[in-house]
Every structure is written in structure tokens, then in C-alpha cells.
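Beneath this line is the structure, given in C-alpha cells, with notes to follow.
All values below come from the heavy atoms of this structure, side chains included, with hydrogens, waters and symmetry mates left out.
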Amino acid sequence: MRFSRLLGRTLKEVPAEADCASHQYLVRAGMIQQLAAGVYSYMPMGWRVLKKIEQIIREEMDKAGGQELMMPSLQPLELWEKSGRLPSFDKTLFVVTDRKEHKLAIGPTHEEVITDLVSRTVQSYRDLPQMPYQIQNKFRDEPRPRGGLLRVREFFMKDLYSFDIDEAGLNESYARMVQAYKNVYTRCGLPAVMVEADSGAIGGKASHEFMLLTESGEDEIIYCSKCEYAANTEKATSIKSGAATTEPLPVAEVSTPGITAIDALAVFLGVRPDQTLKAVFYTADGEIVFVMIRGDLEVNETKLKNLLKCTDLHMGTEAEVKGAGLVAGYASPMSIKGIKVVADDSIKLGSNFVAGANKPDTHLRNVNYPRDFQVDILADIAITRAGDTCPRCNHKLLSRKGIEVGHVFKLGTFLSERFGAYFLDKDGVTKPIVMGTYGIGLGRLLAAAIEQNHDEKGIIWPLPIAPYHVYLCPLKMEDKHVSKTAEKIYTDLTEAGIEVFFDDRDESPGVKFNDADLIGIPLRIVVSQRTLQNNSVEIKWRKEKQAGTLPLDGLTEAITKLVNISGTC
RNA sequence: CGGGGAGUAGCGCAGUUGGUUAGCGCGCAGCGUUCGGGACGCUGAGGCCGGAGGUUCGAGUCCUCUCUCCCCGACCA
């Protein structure tokens, strides 16, 4: 490809709307263009990267036993009513109405369609297992698209679904997919880490996310300094420290005028935060819930949401709290009636806590569970933080930021039962097919690759997903010797199967070098009067500081070798 | 959906208390000079000032409504 013919241009200035590195560089390098919020065109240069990623994924899915197919984006809304997932998708579903007033969802994912499809196709255990997949654009009306390609409303996803005869089969498919995912990220030159993830309100059995570690990531990963434990902070657990338990003392009221926050309360009464109990109110699907947790900890809303099996969870508003007869800041689990009480298991670790008295300006000392109050649900609902203790090996937990670039999920039989996806087993017994679902967001992976691989000059593509292998950069094209040599190198390399981006523009060296750095093609070849004096060219890896030289003689072979070695790393 | 910000040339921005023909930089086109880290000169093209309504002799500027985009929170690949 010649730069002079490329559709797309590089920009010197940072686009006003771009905040994160990947967004800025993708726009500045002319790889994407925005059409609407969370809706982007891929320009030819960006599209090549996406195609590279797609091909790597396709190869690994096929190798793992996947079969590529293509399902429609238009999905009758009835399918969503049937699956029961309409409420949880709710407004993120784009819905269109056809001329007959029939409603169709524009596919945000394809569990419904594939399960329906498989239910009509698979009849016997002999037909299983199956791993159909597709690579296609999905549509989700995200409440807030952000970060360029990081979260968009129309995006490319590889979605694979596994269908097995039993749990053991699912586990096997799942393991195979996990391996395939690891292969994908490794081959892309993007090492991702696998972490335990929240399985959501659907109530699946297990779920893992693949994270690309980068400071700009919006997910937090908790991992152990010693063992293999790693989890999304939404899911992470820890061994909670226990304050020393002492003999239960009689409950006593204490006046705490104007003091509502835990820190202030602890200082005022001369106790540590973990000697207090905190009350928080949530509204779960319209019902007010009283949540108790030890004062030094905080509520993990994802855990709480799963526990309550609700679709909408938010902090109780002032009106909701008052309406339930609670006194914010001084609420007590004692004397609560008719309100669901959920408590973190930390309330058992310690004794003689300070808690609210359920009247203004007053707290209670020496509150003990279960002597003084009861709860409806007692479970782990606390946020795990770096510095906490690993639930597996007792060592310290650490945390890093990451971008979720893949998610695998054991679904079970929930959907197959709803869609009548049954099969006849060896013994002639009808059973529901056991499902798994596995997604990779391609555009997100592309953006995450940049977040992880860039410098102040621009993108540094890993070679396997780079738009081109070589940036051929002749300086002073008017010089016949230079331009002729460059043309020949272009032809020779291209014929040898090297992907060359030829900067044939009549631009000054500075412009060319800066564009080369911005676009981030891994290997740069400079042809100039200076290099030709020695019958050589300059070569420089984008990721290296130093440049080297190669003789013109045997250049094609030398470059081929370089690209092949680096391409299979 | 709650909170904050912004819409003026392809991009980044300026535009005073309302006052002629709306500017600057980059980019773009032509000519010439330059050529190893965003060169220079000259000439030129390019605007429904997001949209609708209003106030006014007069609106980019004031008022009302509306649309869009970005950022922070609740969601996701």
C-alpha cells in the first residue's frame, strides 16, 4: 500500500473528544472515525488490524473444535421473552419495529438465537458436543459509551457457544476454550491474565475474564502475591481479619451528637473502625434492604446484587430510607421490623461493637450478633482490597488495573430448558443440553493493545496484529536513485509476502518519521542518499531506540527473516 | 438516568458591553526554494457560527425550546 493512496490522514493535534491514549492515537493515525456516540468507522489502516486479530481468533477457535457460522442480527423479541433475559438487558437492547408492527431486537449477543437453532438441530447425544461460533458486530445501547473503541454501542465480537451432554463435558469444553483464549492473546502479542469473574444475575456456575493489564484499565484485579489466585474486584474474596473477641457486655446507649460517619464515630468514642458496625440502605427492585457491615469494610454492590437476585440495585434515597422508618446515620439493626436485613459475615468477627441506636444523635455500645439482632442473610458482601489476605494461601493480596478483553462463562442448562434444547442420552433419557458461552471483543482488544503498547510518539503494534510489517520510508523522493531503489524494495518485499506500507509522499523527513512513529508499524526501513552511499538501508524497530543498517544486497531475505522470527514470538 | 463541560472552516481554537465583509494556527490547492525528526516564501479555496423560535433597526454574541458530543458515577466484550 502506498501512503499517497491511503484513505485516511494523520493529525498533528489531539482530537478534542479523545481522552485516552488508544482513542487519541487511533484517530490521529487515521485508523478510525467517529460517526455517533460509541459508533465508529474503521478506516483501511485500522481495519487491517481488526482483520489480523479476527484471523488469529478464527484459527484458534477452529483449532479448538469451533465451527464458524453466521446468525442474523435481527432477532424477534419473542426470543428474549422466552429466555427471560429481557429484564436484565432492558434498555441496552436496540429494538426496531417492522412494517407489521413486529418488534425485533438487534443482536447484542446470540445465546437466544443459537439455543433456538441448536434445539432444532441436535437430538441425540451423538450430535454433541458442539461449538458453533461467529465473528460479527453486536449492538448494545450502552448507557455511556466511552474511551473511543473501549466501550462502544456497535462492536465486533467473537461469540462461541458450547453444547455438551453433561457437566463434565462442559468442563472439558470450558478448559479447551480457556486454552484457546490464552493462545489468542499470546499470538496477538498481548499477554492477558485470567481472573475469576462475577457470573451475574443469570446465576451461572463459573466465569472467568481475561484482562490486559494497563494502568488506564477500568477494572481492578485482585491477585495473590504468592499463589495463582486472581479475581475481578467484583468477585474477589479475602480472609477477613478478626478483631479480638471479648466477653459480651451489656448494651449501653451513648450520646453521639451530630456524628454519623464511621471515622468520626471511631475517633469520638476512641475505638477502631473495625469495632463498629455500619448500616447502609439499598433499594433492590423497589424493596428497601438494610445492609450491615463492619465499620472498616465496604459493601460490594455486585455481591449484594447477586445475593438478592435483583436486577436493579441502588443506594436508598433519603425518601426511601425515611419511608422505611430508619434514621440515617444512626440506624440500628435492633428493633428493625419488616425490613430485610443482609449482613456481611464480618459482623461475627469481633464483639461489643458500636452500632446505631435508631434514634438521632445516639449510638449503642456492646452490640453483639446474634445476641442483640438477627439477620435474614449472612454472607460475604465486602469489597476486597489490596493488602487483604488471600483466601487460598493466607498471603497478601495485590491489585492492578486491567481492561476486560474476553469473558468465558459456564451457563448450565438454564437457557436450554427454556428453549427446549434437549437431547436423548445413551439410556434413552431426555436431558437438557449443558451450555457455555465465550466472548472476545475485537475492537476492545485492538484498543487495549494500544493502551498497553504506546509511547509519547504513537502506537507500537505487536507484529502479529500490526497493519503492515514494514514502513518503507524513502527520504527525498525526487532523487531518482532513492525513489528507484525504494520502488524496487517495495516490489521485492511485497512479492516475498512481506506487508509493506510505502511512504511515497513528497514530504520532509520529519513529517515521515513522525507519521511512522504515530502509525506504529513495527519495522521501519529508511532509504536515503546517505544510506545509498554504502549500498544499504537503515532499519529500525518501532519499539527500539537504536537503528541499524542492512545491505541492499540480500535485503529481501534479511527482512523476511526478521519479520518471521519476530512474528512467531 | 444523576452530576459537570462543549458545539464557530477538515482539525485545534479566538471572537469584548449586540454594530460593517466572522478571525488565528494547522491542514488543503497552485508556484518556487528546501530535504535525516512535524522546513520556508508567495498566491488561493474553504463558514446556514449545531437546529428551531423569539427580542432588536441590527444576533456568533441576549432569551426560550431542542438536538448532538465529551467527561465523572450505576452497566459490559
Side-chain angles (χ1 to χ4, degrees), chain A residues 8-20 23-24 27-28 30 33-39 53 57 88-92 108-110 135-160 181 192 197-198 200-201 207 209-212 218-219 232 234 282-283 301-302 305 311-315 317 403-409 437-448 457-458 473-479 482 505-518 524 526-531 538 540 547:
Chain A
R9 70 170 51 257
T10 55
L11 302 176
K12 272 193 205 174
E13 276 166 309
V14 179
E17 75 279 1
D19 220 44
C20 59
H23 191 191
Q24 292 181 357
V27 173
R28 284 191 52 206
Q33 213 169 84
Q34 184 172 22
L35 186 63
V39 180
I53 294 171
I57 292 173
S88 56
F89 270 81
D90 192 38
K91 286 203 167 70
T92 55
T109 176
H110 281 67
I135 300 168
Q136 170 208 57
N137 35 189
K138 308 293 186 199
F139 301 83
R140 295 184 188 175
D141 197 358
E142 293 288 341
R144 187 160 92 82
R146 64 166 284 274
L149 254 31
L150 285 173
R151 181 161 65 227
V152 293
R153 297 192 296 170
E154 175 176 354
F155 61 100
F156 290 96
M157 182 164 89
K158 183 283 305 175
D159 46 323
L160 183 144
Y181 271 46
D198 173 49
S207 164
E209 288 166 338
F210 290 83
M211 296 283 187
L212 222 55
E218 53 177 357
D219 282 291
N232 190 312
E234 292 176 351
Y282 283 92
T283 302
E301 295 188 5
T302 306
K305 194 170 170 180
T311 53
D312 176 64
L313 181 77
H314 61 264
M315 285 278 224
T317 61
I403 298 172
E404 181 192 348
V405 292
H407 200 158
V408 296
F409 205 104
T437 175
Y438 314 82
I440 297 180
L442 313 218
R444 181 121 111 197
L445 185 57
L446 184 154
K457 289 291 215 172
C473 187
L475 302 181
K476 201 171 179 189
M477 282 289 280
E478 294 83 357
D479 186 298
V482 169
R505 299 173 303 168
D506 180 21
E507 289 287 355
S508 70
V511 171
K512 290 190 169 192
F513 289 150
N514 279 297
D515 278 345
D517 288 343
L518 175 61
R524 188 182 78 188
V526 175
V527 184
S528 69
Q529 291 170 319
R530 192 199 285 176
T531 68
E538 177 195 282
K540 178 183 168 298

What are the two closest non-hydrogen atoms of Q24(A) and P15(A), and how far apart are they? O-CD, 4.4 Å
When rounded to the nearest Å, what value does the distance between P atoms of C72(B) and G27(B) take? 31 Å
Taking C40(B) as the reference, what is the distance to C26(B) when you measure between their C1' atoms (whole Å, please)? 15 Å
Within a strict 4.5 Å, meaning less than it, do heavy atoms of the T109(A) and R140(A) side chains meet? yes
By nearest heavy atom, map K91(A) and P15(A) onto RNA chain B; which one lands nearer the 5' end? K91(A)
Would you tell me whether T10(A) and D515(A) have side-chain atoms, one donor and one acceptor, within less than 3.5 Å of each other? yes
If I pick the P atom on C13(B) and the same atom on G58(B), what distance separates them, to the nearest angstrom? 34 Å
Using a cut-off of 4.0 Å between protein heavy atoms and nucleotide atoms, how would you tag nucleotides 27-38 of chain B 5' to 3' with B, S and -? SS------BBBB
What's the gap between G12(B) and U8(B) when it is taken at their C1' atoms, as a whole Å value? 12 Å
Could you tell me the separation between the CD atom of E538(A) and the CZ atom of R530(A), rounded to the nearest 0.5 Å? 8.0 Å
Ring pair (Phe, Tyr, Trp, His ring centres under 6.0 Å) involving H110(A) - partner list, sequence neighbours excluded: none
Pick the P atom in G46(B) and in A22(B), then give their distance to the nearest Å. 13 Å
What integer number of Å spans the P atoms of A77(B) and G2(B)? 26 Å
From CZ (F155(A)) to CG (L150(A)), nearest 0.5 Å: 13.0 Å
Let me have RNA chain B in dot-bracket notation, would you? Count Watson-Crick plus G-U wobble pairs, both distances under 3.5 Å, and use [ ] for pairs crossing earlier ones and | for inter-strand partners. (((((((..((((.....[...)))).((((((.....)))))).....(((((..]....))))))))))))....
Heavy atoms under 4.0 Å is the rule here; annotate nucleotides 69-77 of chain B 5' to 3' with B where the base is hit, S where only the sugar-phosphate is, and - elsewhere. SSBBBBBBB
What interatomic distance, in whole Å, is found between P of G50(B) and the corresponding atom of G60(B)? 10 Å
Answer yes or no: is there a side-chain heavy-atom contact under 4.5 Å between E404(A) and N232(A)? no
Say you pick atom P in C35(B) and the same atom in G47(B); how far apart are they, in whole Å? 37 Å
Listed by chain and number, what are the ring pair (Phe, Tyr, Trp, His ring centres under 6.0 Å) partners of F210(A), not counting sequence neighbours? Y181(A), Y185(A)
Tell me, please, which residues at least two apart from K91(A) pass side-chain contact (heavy atoms from CB on, under 4.5 Å). none
Taking the side chain as C-beta and beyond, is there a heavy-atom pair between K457(A) and N514(A) under 4.5 Å? yes
Got a donor-acceptor contact below 3.5 angstrom from the Q34(A) side chain to the A36(A) backbone? yes
